[in-house]
Amino acid sequence: MPEEGHSLPYVANLSILFKEVPLLERAGAARDAGFTDVEYWWPFDSAVPARDEVDAFVKSLDGVRLRGLNFYAGDMAAGERGLVSWIGREAEFADSLVVALGIAERTGCRSFNALYGNRLDGEDPAKQDDLARVHLDQAADAAARIGAQLVLEPLSGADRYPLKTAADAVAVLDDLGRDNVRLLADLYHLAVNGDDLDALATRHIARIGHVQIADAPGRHQPGTGSLDLGGHLAKLQNAGYAGFVGIEYVPEPDTETSLAWLPKTRRGRA
């Protein structure tokens with residue numbers, strides 16, 4: 001079992017963990033496994049789910065706390081990676097923002113992942129960036145009214161997605177100038193893209209709003225790859241990061257078995 005070397009709390013990402021059961025049963029499975037805090041990608045098939053779908057999702061969270069939620073990101077299976085900069089899909093972004101904020105009011109969720117979106121054929125990247133600034137400003141205003149943050153995530157495995165390093169995301173944050181829009185540092189994506197993980201603690205620590213982990217290569221649980229995840233998390237904590245660590249890996253061979261690295265006493269908090 002990998003050494004942790006830190007005391008940061010964990011949050012289980014239930015869009016990738018506990019997929020052995022339907023989505024609405026995963027919070028219960030996570031709770032039974034010892035987790036008290038969870039996060040999700042967008043848990044619906046469209047930007048505007050039916051009211052009963054939203055009600056069922058919120059009801060499924062009984063016994064756990066929702067800490068993070070993605071805005072609608074389009075068809076992820078088809079390679080879409082967010083609507084923040086997608087010209088022509090402004091209404092979907094606005095609709096998912098309303099839905100996400102409604103869920104937040106009912107659950108206490110105070111962190112939203114706004115995936116930036118791929119570069120589009122035939123569109124000027126500068127115009128996409130202009131739209132992204134408008135959308136992030138709108139969402140940041142709405143989030144600020146409930147004391148919430150947005151996080152911006154560099155991704156790997158998506159050639160048309162323009163944010164690949166922490167510096168790429170921080171440049172957007174600098175241009176935006178909003179205190180409640182921060183960096184989501186996913187150690188797996190950054191490592192796969194060749195970014196300097198040590199720089200997160202030495203250069204970007206003040207900008208980090210959330211951290212997620214998976215080992216690399218493979219995107220499986222800690223100990224299956226070559227990343228010193230415990231060491232990197234310890235450096236982040238020592239530098240001042242005190243937030244959650246999202247467990248966002250593809251479990252191998254299954255979720256329960258994959259969690260052997262994490263004692264039950266470290267899966268939840270009061």
Side-chain angles (χ1 to χ4, degrees), residues 9-16 23 26-27 37-49 53-54 57-58 60-61 64-76 80-86 89-118 131-155 161 163 166 168-170 172-173 175-186 189 207-212 241-248:
Y10 288 100
V11 55
N13 189 300
L14 299 188
S15 291
I16 196 167
L23 186 137
R26 292 178 199 168
D37 301 277
V38 301
E39 64 183 13
Y40 292 78
W41 304 339
W42 188 248
F44 311 107
D45 293 331
S46 68
V48 189
E53 288 184 82
V54 177
F57 173 69
V58 171
S60 79
L61 300 171
V64 295
R65 295 177 289 246
L66 181 64
R67 295 294 185 177
L69 185 67
N70 285 25
F71 294 138
Y72 179 60
D75 187 346
M76 295 278 284
E80 295 178 1
R81 291 293 184 271
L83 305 184
V84 168
S85 64
W86 195 312
R89 299 183 73 175
E90 294 87 348
E92 289 173 276
F93 180 81
D95 288 340
S96 77
L97 175 59
V98 171
V99 173
L101 290 170
I103 292 171
E105 289 176 356
R106 298 171 65 179
T107 63
C109 178
R110 291 297 182 265
S111 186
F112 303 102
N113 185 1
L115 290 181
Y116 197 80
N118 295 331
L131 179 62
R133 279 191 292 272
V134 170
H135 278 161
L136 290 171
D137 258 328
Q138 292 172 346
D141 280 340
R145 288 194 286 271
I146 62 169
Q149 68 172 2
L150 309 182
V151 288
L152 203 58
E153 181 179 17
L155 296 179
Y161 191 86
L163 309 183
D168 291 337
V170 167
V172 176
L173 302 183
D175 184 54
L176 192 66
R178 301 296 299 253
D179 290 341
N180 69 328
V181 187
R182 313 189 77 193
L183 168 67
L184 195 170
D186 184 311
H189 287 306
R207 315 306 293 276
I208 296 175
H210 188 42
V211 173
Q212 291 175 332
Y241 180 72
F244 282 91
V245 175
I247 301 173
E248 197 196 42

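- Contact record, A139 with L97: CA-CD2, 4.0 Å, taken as the closest heavy-atom pair.
- Applying the side-chain contact (heavy atoms from CB on, under 4.5 Å) rule to E80 yields the partners D75, W86, R89; only residues at least two apart in sequence or on another chain are considered.
- For Y116, there are no ring-ring contact (aromatic ring centres under 6.0 Å, His included) partners, not counting sequence neighbours.
- How far CD of E248 is from CG of D186: 5.5 Å, rounded to the nearest 0.5 Å.
- The shortest side-chain heavy-atom distance between Y72 and P49 does not fall under the 4.5 Å cut-off.
- For N180 (side chain) and G147 (main-chain N/O), no donor-acceptor pair under 3.5 Å exists by modelled atom type.
- Counting only heavy atoms from C-beta outward, the side chains of V11 and H210 approach each other to under 4.5 Å.
- P9 and G243 get closest at one heavy-atom pair: CD-O, 3.5 Å.
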### Step-by-step side-chain contact (heavy atoms from CB on, under 4.5 Å) determination, N113 to W41
CA-CA 8 Å; N113 185 1; W41 304 339; 5.9 Å; no

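- For the atom pair CD (E53) and OG (S46), the distance works out to 6.5 Å, reported to the nearest 0.5 Å.
- When the ring-ring contact (aromatic ring centres under 6.0 Å, His included) test is applied to Y241, no partner is found at least two apart in sequence or on another chain.
- Checked by atom type and distance alone, the side chain of R67 never pairs as donor or acceptor with a backbone atom of C109 at under 3.5 Å.
- To the nearest 0.5 Å, the span separating CG on L163 from CG on L115 amounts to 9.5 Å.
- Between L23 and P43, the closest side-chain pair of non-hydrogen atoms falls below 4.5 Å.
- Across all their heavy atoms, I208 and V211 have their closest contact at CG2-CG2, 3.8 Å.
- For the pair R145 and L101, the minimum side-chain heavy-atom distance is 4.5 Å or more.
- Atoms CZ and CG, from R81 and N118 in turn, are 7.0 Å apart once rounded to the nearest 0.5 Å.
- Shortest non-hydrogen contact noted between I16 and I247 is CG2-O, 4.4 Å.
- Taking every heavy atom of both residues into account, L184 and P154 meet most closely at O-CD, 3.4 Å.
- A heavy-atom distance below 4.5 Å is found between the side chains of R106 and V54.
- With hydrogens and angles ignored, the 3.5 Å screen pairs a side-chain donor or acceptor of R26 with a backbone N or O of L14.
- With sequence neighbours excluded, no residue satisfies side-chain hydrogen bond (donor to acceptor under 3.5 Å, both in side chains) with H135.
- Put simply, CZ on R178 and CG on D137 are 5.0 Å apart, with the number rounded to the nearest 0.5 Å.
- Side chain of R110 to main chain of A104: a donor-acceptor pair is present (N/O by atom type, distance under 3.5 Å, no hydrogens or angles).
- No side-chain heavy atom of L152 sits under 4.5 Å from any side-chain heavy atom of L176.
- A heavy-atom distance below 4.5 Å is found between the side chains of V99 and W42.
- Annotation: ring-ring contact (aromatic ring centres under 6.0 Å, His included) contacts of F244 (sequence neighbours excluded): none.
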### Task
Could you walk me through whether L173 and R207 pass side-chain contact (heavy atoms from CB on, under 4.5 Å), step by step?
CA-CA 8 Å; L173 302 183; R207 315 306 293 276; 3.4 Å; yes

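- For the side-chain contact (heavy atoms from CB on, under 4.5 Å) with Y40, the qualifying choice from N13, L66, N70 is L66, the only one to do so.
- Taking both residues in full, the closest heavy atoms of L150 and A143 are given as CD2-CB, 4.1 Å, listed atom of the first, atom of the second, then distance.
- Residues passing the ring-ring contact (aromatic ring centres under 6.0 Å, His included) test with F71 are F93, F112, sequence neighbours excluded.
- For the pair E39 (side chain) and G246 (backbone), a donor-acceptor distance under 3.5 Å is absent.
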